[in-house]
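So the structure is just underneath, and the comments pick up after that.
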Amino acid sequence: MLITFEGIDGCGKSTQAALLAERLRKEHIEVLLLREPGGTELSEQVRSILLNKEFTRPLAAEAELLLFAASRAQLVHDVILPALSRMDIVILDRFTDSTVAYQGFGRGIPLSHISHINALAASELEPDLTFLLDIPLELALKRRKDTKNDRIESESEIFYAHVLQGYMYQANLHSDRINVINGEDSIEEIHNNIWRLVEYERGNDIFNAHHVE
């Protein structure tokens, strides 16, 4: 099973991904917790390039897209597909939905291009379950105000407003797998909601997995 966590920077997705991995391990389930970009030697090197704010010239949107894709392709080939073949649960902090939201809606790259690149980089792999932590932009910025922002985190509020639109577009398009979670709830409430949904999905109760109150 491939489970992905999505949302704008500061939404709390990394915390929730880690909590889910920890709880599954307590159930003696083999879990692999990964982040994008990253997870392989090459992908971590690409990550350092993508998040670097010190370039003398801005990184072209198309170059950014292809670097993310290169990192993903290596991670899928070397780590994710082998783990899934072992029947492990893979939890990913960001995946293809981020590319649509950030490079598609944020950077303005045509979605048709992104669709083809995502399919190639991910070997046409789709998540079984996605959690989109939805919070207002103002709250995300407040949560990040005391942190050192990387290149992408330093983008404008207009950029992030477009990214949020991209995520809602994806949620509507893929409502069968994307669960929109209120990121303003407490960490415990969010985790418990996510856990119920994961348990439903693992039990093959697809209808209930996406209709839990």
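Looking at residues two or more places apart in sequence or on another chain, you find a side-chain hydrogen bond (donor to acceptor under 3.5 Å, both in side chains) between Ser186 and Glu189. Judged as a ring-ring contact (aromatic ring centres under 6.0 Å, His included), and not counting sequence neighbours, the contacts of Phe131 are Phe5. For the side chain to side chain contact (heavy atoms under 4.5 Å, CB included) test, residues two or more places apart in sequence or in another chain that qualify with Ala140 are Ile8, Ile135. In this structure, His77 has no side chain to side chain contact (heavy atoms under 4.5 Å, CB included) partners at least two apart in sequence or on a different chain. By the side-chain hydrogen bond (donor to acceptor under 3.5 Å, both in side chains) test, His162 is found to be paired with no residue, residues two or more places apart in sequence or in another chain being considered. With sequence neighbours excluded, the residues satisfying side-chain hydrogen bond (donor to acceptor under 3.5 Å, both in side chains) with Thr4 are Thr130. For Asp150, there are no side-chain hydrogen bond (donor to acceptor under 3.5 Å, both in side chains) partners at least two apart in sequence or on another chain.
Residue pairs meeting the salt bridge (Lys or Arg N to Asp or Glu O under 4.0 Å) criterion with at least one partner in residues 65-75, sequence neighbours excluded, are Glu36-Arg72. Sorted by first and then second residue, the salt bridge (Lys or Arg N to Asp or Glu O under 4.0 Å) pairs with a member in residues 95-105 read Asp97-Arg177; sequence neighbours excluded. Applying the ring pair (Phe, Tyr, Trp, His ring centres under 6.0 Å) definition to pairs two or more places apart or across chains, none involves residues 31-55.
Dense packing is recorded around CD of Gln165, with more than 12 heavy atoms of other residues, nucleotides or ligands lying under 6.0 Å away.
Interatomic distance, CG of Leu24 versus CD1 of Ile91, reported as 5.0 Å (0.5 Å rounding).
A salt bridge does not link Glu199 to Arg196: none of the charged side-chain nitrogens sits closer than 4.0 Å to a carboxylate oxygen. With respect to the salt-bridge test (charged N to carboxylate O, under 4.0 angstrom), the residues Arg23 and Glu27 do not qualify.
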Scan the side chains in residues 40-49 for donor-acceptor partners under 3.5 Å anywhere in the protein, sequence neighbours excluded, and list what turns up.
residue	atom	partner	partner atom	Å
Thr40	OG1	Ser43	N	2.9
Thr40	OG1	Ser43	OG	2.7
Ser43	OG	Ser71	O	2.9
Ser43	OG	Ser71	OG	3.4
Glu44	OE1	Arg35	NH2	2.9
Glu44	OE2	Gly39	N	3.0
Arg47	NH1	Pro37	O	2.7
Ser48	OG	Gln45	O	2.6

Side chains of residues 60-68: which donor-acceptor pairs under 3.5 Å do they make with residues two or more places apart or in other chains?
residue	atom	partner	partner atom	Å
Glu64	OE1	Arg107	NH2	2.9
Glu64	OE1	Arg151	NH1	3.1
Glu64	OE1	Arg151	NH2	2.6
Glu64	OE2	Gln103	NE2	2.7
Glu64	OE2	Arg107	NE	2.9

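Side chain to side chain, Glu6 and Tyr167 meet the donor-acceptor criterion of an N or O pair below 3.5 Å.
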